[in-house]
Amino acid sequence: MYDIKRIRRDFDEILRGVEKRGQGDFGLLEIRELEKKRREILVQVEQLRNEQKTKSRLIPAYKKEGKDPSELLEELRGLSERISGLDKELRQVEESFEEKLYYVPNTPHKDIPLGKGEEDNKEIRRWGQPRVFEFEASPHWDLGVERNFLDFERGSKVVGSRFTFIKGACARLERALMNYFLDFHTLDGKYTEIGSPGVANRLSMTGTGQLPKFIEDMYHCAEDDYFLIPTAEVTLTNFHREEILPLEDLPVYITSFTQCYRREAGSAGRDTKGIIRQHQFGKVELVKLVEPESSFDELEDMVSDVEAILQSLELPYRVVELCSGDVGFSSAKTYDLEVWFPSYDTYREISSCSNFLDFQARRCMLRYRNKEGKVDFLHTLNGSGIPTGRCLAAILENNQTAEGKIIIPKVLRPYMGGLDEI
RNA sequence: GGAGAGGUGACCGAGCGGCUAAGGAGCGCGCCUGGAAAGCGCGUAGGGUGUAACAGCCUCGCGGGUUCAAUUCCCGUCCUCUCCUCCA
């Protein structure tokens with residue numbers, strides 16, 4: 001969300017930035033009009049209110065002196081009516097203004113590649129070599145069913161499409177991933193582990209930008225007006241919502257494993273096979289709250305944290321910088337990390353690391369006291385570090401043997417009771 | 001789920017229709033001191049509006065209502081605590 005003052009002062013800059021996404025002005029022109037109108041009414045209301053306050057304070061004095069206040073009361077009644085009328089108008093304008101503002105995406109950072117969609121993203125680097133198989137490699141969905149690791153049919157029966165049961169040693173492997181990822185990020189003290197709720201309220205969902213625009217992709221508990229979180233980004237970023245953090249508490253590095261729930265509205269028919277795109281998946285999420293000056297460096301640092309994990313698992317991957325047309329709603333700059341999937345014969349997204357600048361912080365009223373003692377908005381970042389489901393699929397595919405066994409990556413063996421294959 | 005109590009300033013805490021949020025803690029500056037503690041004085045929230053500066057407006061959990069006027073009265077709602085009930 002944008003600062004109301006910036007809408008006025010840097011309007012053209014914001015408009016130009018947002019237009020880089022290639023989807024028009026997102027209602028900004030209308031928003032500017034509403035902002036003007038708001039100020040017009042506000043000035044009037046403030047003047048009238050001042051008059052009202054000043055005059056109504058005379059009443060106790062009148063009473064004391066035994067003067068008849070009825071004339072003054074009459075005047076104040078009229079004043080009160082005018083104020084409440086104007087106030088109502090003001091509130092309508094403000095509501096409409098705010099509602100529209102919530103739908104305006106962040107401005108893509110000036111240095112990111114211009115483009116319309118995925119095809120214009122820029123590959124930054126690759127690590128590792130895709131394995132050359134001396135046998136016909138199976139996709140994880142075939143392998144998973146053959147080995148009795150994945151049960152798609154019962155997932156559909158018990159819940160519906162895009163829900164899957166994971167069984168036996170494979171379930172243990174996923175659990176190993178969860179523990180390994182959390183240990184990786186926390187044991188050196190860099191990130192603090194948080195056990196997080198799996199649902200969040202409307203305010204939190206709005207704070208990180210899932211609402212109002214993407215409501216159709218969220219699972220909603222109507223009775224409580226709670227939402228199943230689509231990522232721990234929601235609960236972790238909102239953790240310090242409406243707080244003013246002292247400088248010495250920064251930077252905040254937190255991480256959490258949660259289940260994530262997405263209705264995947266609009267992606268019907270995509271990735272229907274396997275566990276790449278599920279309605280529920282486990283993920284370790286990384287969140288940073290940092291001072292504005294350092295946020296782009298912090299983004300690079302976060303990417304390298306995720307890369308280190310993939311390297312330790314010996315999974316070939318590449319880093320891609322998203323172009324202006326593909327970068328997410330709340331993000332100013334995003335790197336996707338894509339891991340090699342033999343079944344797709346390509347790299348597929350496994351992590352996404354973004355710098356949101358103060359976009360989420362404004363929505364969350366997430367602030368800190370800077371060196372000058374002034375209150376300012378923080379910058380927020382998050383990245384997947386990393387999802388267990390997709391990672392499991394990647395390991396099944398990349399580490400399979402001709403006999404259909406799965407080689408356990410060395411770093412995971414301590415979490416698997418020493419097993420080197422399953 | 002039932003009954004009760006409460007949510008006030010970066011913290012504690014009074015106010016319970018108008019005198020425009022008492023008092024304290026902490027922090028900052030100054031005085032005092034050889035130095036410090038104590039003591040004394042002053043200052044210490046956020047937001048938006050207009051400005052050269054001052055100023056004025058909003059915020060006493062949140063949302064409505066009554067009133068010329070609401071922190072104060074009424075209704076709703078959320079959260080916290082205590083007791084009961086239920087329960088992994």
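Just so you know, these numbers come straight off a predicted model, no measurement behind them. Chain identifiers are assigned alphabetically (A, B, ...) following the order of the sequence lines, protein sequences preceding nucleic acid strands; residue numbering begins at 1 within each chain.
Pair assignment for rA14(B) gives none, since no Watson-Crick or G-U wobble pairing has each distance under 3.5 Å. When both pairing distances are held under 3.5 Å, rG43(B) makes a Watson-Crick or G-U pair with rC27(B). Pairing of rU51(B), defined by two Watson-Crick or G-U wobble distances under 3.5 Å, is not identified with any nucleotide. Pair assignment for rA5(B) gives rU80(B), based on Watson-Crick or G-U wobble hydrogen-bonding distances that are each under 3.5 Å.
Proximity of Ser80(A) to the phosphate of rA69(B): a side-chain N or O atom is located under 4.0 Å from OP1 or OP2. For the pair Lys53(A) and rC58(B), the criterion of a side-chain N or O lying under 4.0 Å from OP1 or OP2 is met. Taking 4.0 angstrom as the limit, Arg38(A) places a side-chain polar atom (N or O) nearer than this to OP1 or OP2 of rU49(B). Put simply, Arg369(A) has no side-chain N or O that comes within less than 4.0 Å of OP1 or OP2 on rA10(B). Residue Lys55(A) places none of its side-chain N or O atoms closer than 4.0 Å to OP1 or OP2 of rC68(B). Phosphate contact (OP1/OP2 of rU49(B), side-chain N/O of Arg8(A), threshold under 4.0 Å): present.
Atom name P, nucleotides rU49(B) and rU44(B): the rounded distance is 23 Å, in whole Å. For the P atom pair drawn from rG7(B) and rU72(B), the interatomic distance equals 12 Å after rounding to whole Å. Comparing the P positions of rA70(B) and rC57(B) gives an interatomic distance of 14 Å, to the nearest angstrom. rU59(B) and rG9(B): their P atoms are spaced 15 Å apart (whole Å). Comparing the same atom, C1', in rC19(B) and in rA53(B) gives a spacing of 30 Å after rounding to whole Å. Spacing of C1' atoms, rG6(B) relative to rG18(B), comes out at 27 Å, to the nearest Å. Nucleotides rC12(B) and rG61(B) have their P atoms positioned 14 Å apart, rounded to a whole Å. If you take atom P in rC11(B) and the same atom in rG2(B), they sit 32 Å apart, rounded to whole Å.
Taking the six-membered ring where tryptophan is involved, the planes of His109(A) and Phe296(A) are tilted, since the angle between them lies from 30° to 60°.
At a cut-off of 3.5 angstrom, counting only N and O atoms as typed in the model, there is no donor on one side facing an acceptor on the other between the side-chain of Arg57(A) and the base of rA69(B). At a cut-off of 3.5 angstrom, counting only N and O atoms as typed in the model, there is no donor on one side facing an acceptor on the other between the side-chain of Arg39(A) and the base of rU49(B). For Glu46(A) and rG48(B), a side-chain-to-base donor-acceptor distance below 3.5 Å is present, hydrogens and geometry of angles not being considered.
Between Gln47(A) and Met365(A), the residue anchored nearer the 5' end of RNA chain B, judged by the nucleotide with its closest heavy atom, is Met365(A). Judged by closest nucleotide on RNA chain B, Arg362(A) is the one of Arg49(A) and Arg362(A) placed further toward the 5' end.
Figure legend: cation-pi geometry between Arg6(A) and Tyr2(A) absent, as NZ or CZ is not positioned both under 6.0 Å from the six-membered ring centre and within 45° of its axis.
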Q: Please test Phe165(A) against Leu150(A) for side-chain contact (heavy atoms from CB on, under 4.5 Å), starting from the C-alpha separation and ending with a verdict.
A: CA-CA 6 Å; Phe165(A) 285 101; Leu150(A) 302 176; over 6 Å; no

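Minimum atom distance to the side chain of Ile59(A) is reached by rC68(B), of the listed rC68(B), rU49(B), rG46(B).
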